[in-house]
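Nothing fancy with the numbering, it's 1 onward along the sequence. On a predicted model such as this, the values are computed, not experimentally measured, just so you know.
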Amino acid sequence: MSETLTVDVLDAQGKKAGTADLPGEVFDAQTNVPLIHQVVVAQLAAARQGTHDTKTRGEVRGGGKKPYKQKGTGRARQGSTRAPQFAGGGTVHGPTPRDYTQRTPKKMKAAALRGALSDRARAGRVHVVTGFGIDEAPSTKAALQVLDTLSGRKHVLVVVERADELAWKSLRNVERVHLLVADQLNTYDVLVSDDVVFTQGALDTFLAGPVKGRGATAVATSSEAEEDAK
């Protein structure tokens, strides 16, 4: 049975300001690697524009005249210089616009996210901070000082509240930081980040969301997928 994990909550000065409970059903779930792979592949596929396009021989401009007579030249017969074997000709079986989206049940997405967060939490790479100590105007320097007390790793995922505009403006241009609001948290961004840093408000918002709902296991069964499809 999953156990609730407890992490220290640090303030802007890097001092302990309390503790936060990380529910076991979210942060100590089984990590199902094949499920996570499927969800990440679907997420990256959905991000593709799919606007690639090539022209077939019927779409390439020109080439209406037969390049040379049918017989007597010793060469292969040709009807157009826009055939694929000619320079400037059309493309055979080239890409055309398409939608790469793969349908993934919500329960599978939620289960994959729980598995990714659990992997980070078990490695001690989930941190909680009361805030970044910014009260009046955005300050990247001040926000980074707070972040450095939490993690010195190369890639850090910072989860903030949607209304926390000062923190967002302070960290949005930092190369090693990827910013998300609580309801945008996803499996891919957790996996590509070394550490996950929540503000206290963002953690509360995330835990109150649908990821903590019914069927909170790290494995989405076929029956769950069928139920979700209905």
Side-chain angles (χ1 to χ4, degrees), residues 31-117 119-120 153-159 162 168 171-196 209-211 218-230:
T31 300
N32 187 332
V33 176
L35 172 63
I36 290 177
H37 176 268
Q38 180 179 346
V39 171
V40 169
V41 168
Q43 183 177 340
L44 295 179
R48 298 184 65 175
Q49 286 186 318
T51 54
H52 41 45
D53 193 17
T54 56
K55 292 183 178 181
T56 65
R57 63 181 294 171
E59 297 170 324
V60 180
R61 186 177 179 86
K65 181 181 179 182
K66 190 175 177 66
Y68 47 82
K69 63 182 183 177
Q70 178 86 346
K71 304 174 91 50
T73 64
R75 302 182 61 188
R77 53 192 178 187
Q78 303 291 342
S80 171
T81 56
R82 293 299 176 260
Q85 68 268 26
F86 286 99
T91 300
V92 181
H93 305 307
T96 55
R98 55 165 290 191
D99 181 10
Y100 282 94
T101 302
Q102 302 177 20
R103 184 188 174 282
T104 308
K106 292 180 181 179
K107 287 185 178 181
M108 293 181 65
K109 293 179 183 179
L113 177 56
R114 287 192 296 269
L117 287 173
D119 178 73
R120 292 293 180 264
R153 293 187 172 91
K154 188 175 181 180
H155 301 290
V156 181
L157 174 63
V158 178
V159 187
R162 189 173 291 276
W168 186 274
L171 291 170
R172 63 184 177 182
N173 289 327
V174 180
E175 184 178 3
R176 72 186 184 98
V177 173
H178 184 58
L179 270 176
L180 288 177
V181 296
D183 57 4
Q184 292 177 336
L185 194 58
N186 61 85
T187 305
Y188 175 76
D189 286 324
V190 172
L191 291 179
V192 298
S193 300
D194 298 317
D195 283 68
V196 182
V211 73
V219 181
T221 64
S222 58
S223 59
E224 286 179 333
E226 292 172 359
E227 180 182 349
D228 188 76
K230 294 177 181 178

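The pair K154-D194 does not count as a salt bridge, with every side-chain nitrogen at least 4.0 angstrom from each carboxylate oxygen.
Looking only at distances, no side-chain donor or acceptor of R162 sits under 3.5 Å from a matching main-chain atom of D183. The backbone N or O of V156 sits nowhere less than 3.5 Å from a side-chain atom of R176 that would complete a donor-acceptor pair. Put simply, the side chain of S193 never gets that close to the backbone of H155: no donor and acceptor are under 3.5 Å apart. T31 places a side-chain N or O within donor-acceptor distance of the main-chain N or O of G115, the cut-off being under 3.5 Å.
Q184 pairs by the side chain to side chain donor-acceptor pair (under 3.5 Å) definition with nothing, not counting sequence neighbours. Partners of K66 by side chain to side chain donor-acceptor pair (under 3.5 Å), not counting sequence neighbours, listed by chain and number: Q70.
Looking at every heavy atom in both residues, A116 comes nearest to T187 through CB-CG2, 4.1 Å. In this structure, Y188 and L44 approach most closely via the heavy-atom pair CE1-CD2, 3.8 Å. Closest of all the heavy-atom pairs between A42 and T104 is CB-OG1, 3.3 Å. Nearest heavy-atom pair across T81 and P67 is CG2-CB, 3.8 Å.
Proximity of Q85 to Q78: side-chain heavy atoms (C-beta onward) are separated by under 4.5 Å at one or more points. Two residues are said to be in side-chain contact when any heavy atoms from C-beta on lie closer than 4.5 Å; L185 and L117 meet this criterion. Side-chain contact between M108 and L35 is present, with at least one heavy-atom pair separated by less than 4.5 Å. Looking only at side-chain heavy atoms (C-beta outward), L113 and V39 stay at 4.5 Å or farther from each other. In this structure, R98 and H52 have side chains that are in contact, with non-hydrogen atoms separated by less than 4.5 Å.
With a 6.0 Å cutoff to the six-membered ring centre and a 45° limit on the axis angle, R82 does not count as a cation-pi contact of F86.
Side chains of Q38 and Q102: a donor-acceptor N/O pair is absent below 3.5 angstrom, by distance only.
Atom CG of residue D99 and atom CZ of residue R48 lie 11.0 Å apart, to the nearest 0.5 angstrom. Here the NZ-CZ distance, from K69 to R77, works out to 16.0 Å after rounding to the nearest 0.5 Å. Note that the CG atom of N32 and the CZ atom of R114 stand 11.0 Å from one another [nearest 0.5 Å]. With values rounded to the nearest 0.5 angstrom, D189 atom CG is found 5.0 Å from L180 atom CG.
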